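Each remark here refers to the structure printed beneath this line.
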Protein chains: 2
Amino acid sequence: MTDWMKEALRLAERAAAEDEVPVGAVVVQGDRVVGRGYNQRETRQSPIAHAEILAIDEASRNLGTWRLVGATLFVTLEPCPMCLAALQQARIDAVIYGASDPKGGAISLGYLLHEDLRTNHRFAARFEPSHDCGEILTKFFRQKRQGSTRT
Amino acid sequence: MTDWMKEALRLAERAAAEDEVPVGAVVVQGDRVVGRGYNQRETRQSPIAHAEILAIDEASRNLGTWRLVGATLFVTLEPCPMCLAALQQARIDAVIYGASDPKGGAISLGYLLHEDLRTNHRFAARFEPSHDCGEILTKFFRQKRQGSTRT
């Protein structure tokens, strides 16, 4: 696992600590992190507050531009269609994800926006499997289930 | 044109006045507007600052929940894939748009997320053609082209 994915995983851990589905993301440009985010849908009560969206938004603010040219997003879970499309809007270079999401992931569902020649920007999407990125989710939902049987 | 689409159009006019691609949107729940937005990508320098995203975000803040159940979004232009997917994340009831976007619209491009039985929420997407919704865009881009030939 790269250092960038390790940082995304630390952000996912922060989400878990706040009782949010644990997903974390960092935007990297050159050799530095320019944006960070972790899922905060419940905390912010916002349907768009996914890790990727928050990381992109922070990167844009830090860089003073909506064009994240030359940047790569590292995210612990495969992006949903909203997030993959947001990465396309941001003109990102690449997205690398550590766990696949067969039920909700854009690529798993066949929404291959990043490869669509009809759109004005294409980019790479790479799955680099990481045990830890999947395990933090498995653990979170296991605890949720155990919690709900107790009540 | 419904009153809601008229209000979305007024928001699009505000975008044009700020030299933004003129798209406006309102979220309606019951008989009141709970969220408003217009494209502010350049002003905010954010790739996610589309009219729909800003309207959804405001609606969530106003209602104190990320679930916009029973709400309808009226938007002057067909949503892009990011925005259609964001509406799905928000569990919206319906989206109604006044102009189609053959090159960038999710539905025009065949990304029919709102009908995808594999996802956990489906909703209606209706095209209700409005001359004014298309004309404001045509006028904006015509002025842009004339401006660029002058420089």
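Below, chain A is the first sequence line, B the second, and so on; all start at residue 1. Keep in mind the model is a prediction, meaning the values are calculated, not measured.
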Can you list, by chain and residue number, the hydrophobic cluster partners of [X] when the side-chain cut-off is 4.5 Å?
X	result
A:Ile53	A:Ile48, A:Met82, B:Ile48, B:Ile53, B:Met82
B:Leu54	none
A:Leu117	none

- Can you tell me how far CG of B:Leu73 sits from SG of B:Cys83, rounded to the nearest 0.5 angstrom?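 If I round to the nearest 0.5 Å, the distance is 8.5 Å.
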
- Message: Rounded at 0.5 Å granularity, tell me how far CZ in B:Phe74 sits from SG in B:Cys133.
- Response: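 Going from the CZ atom of B:Phe74 to the SG atom of B:Cys133 covers 11.5 Å.
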
- Message: Could you tell me if the side chain of A:Leu9 sits less than 4.5 Å from the side chain of A:Leu11, heavy atoms only?
- Response: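 The answer is no; the side chains never approach within 4.5 Å.
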
Dump the table of donor-acceptor contacts under 3.5 Å between chain A and chain B, or return none if there are none.
| from | atom 1 | to | atom 2 | distance (Å) |
| --- | --- | --- | --- | --- |
| A:Glu42 | OE1 | B:Trp66 | NE1 | 3.3 |
| A:Glu42 | OE2 | B:Trp66 | NE1 | 3.0 |
| A:Gln45 | OE1 | B:Trp66 | N | 3.0 |
| A:Ser46 | OG | B:Asp57 | OD1 | 3.0 |
| A:His50 | NE2 | B:Gln89 | OE1 | 3.4 |
| A:Asp57 | OD1 | B:Ser46 | OG | 3.1 |
| A:Trp66 | N | B:Gln45 | OE1 | 3.0 |
| A:Trp66 | NE1 | B:Glu42 | OE1 | 3.3 |
| A:Trp66 | NE1 | B:Glu42 | OE2 | 3.0 |
| A:Gln89 | OE1 | B:His50 | NE2 | 3.4 |
| A:Leu109 | O | B:Arg118 | NH1 | 3.1 |
| A:Leu109 | O | B:Arg118 | NH2 | 2.9 |
| A:Tyr111 | OH | B:Asp116 | OD2 | 2.5 |
| A:Asp116 | OD2 | B:Tyr111 | OH | 2.5 |
| A:Arg118 | NH1 | B:Leu109 | O | 3.1 |
| A:Arg118 | NH2 | B:Leu109 | O | 2.9 |

- Message: Between B:Cys80 and chain A, with a heavy-atom cut-off of 4.5 Å, which part of the residue counts as in contact: side chain, backbone, both or neither?
- Response: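 B:Cys80 touches chain A through side-chain heavy atoms alone.
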
- Query: For A:Pro22 and A:Leu137, which heavy atoms make the closest approach, and how far apart are they?
  - Reply: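 Scanning both residues, the minimum pair turns out to be O-CD2, 3.6 Å.
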
- Message: Please classify the contact of A:Leu112 with chain B as side chain, backbone, both or neither, using a heavy-atom distance under 4.5 Å.
- Response: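 For A:Leu112, the contact with chain B is made by the backbone alone.
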
- Query: Which atoms of A:Leu109 come close to chain B, meaning under 4.5 Å heavy atom to heavy atom: side chain ones, backbone ones, both, or neither?
  - Reply: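 Contact with chain B is through both the backbone and side chain of A:Leu109.
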
- Task: For each of A:Leu84, A:Leu63, A:Leu113, A:Leu87, tally heavy-atom pairs with chain B at distances under 4.5 Å, and name the one with the top tally.
- Result: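 Greatest number of close heavy-atom pairs with chain B: A:Leu113.
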
- Flag yes if A:Phe141 and A:Val23 sit in one hydrophobic cluster, no otherwise; membership is Ile, Leu, Val, Met, Phe, Trp, Tyr, and two members link when side-chain heavy atoms are under 4.5 Å apart.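 Linked, A:Phe141 and A:Val23 end up in one cluster.
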
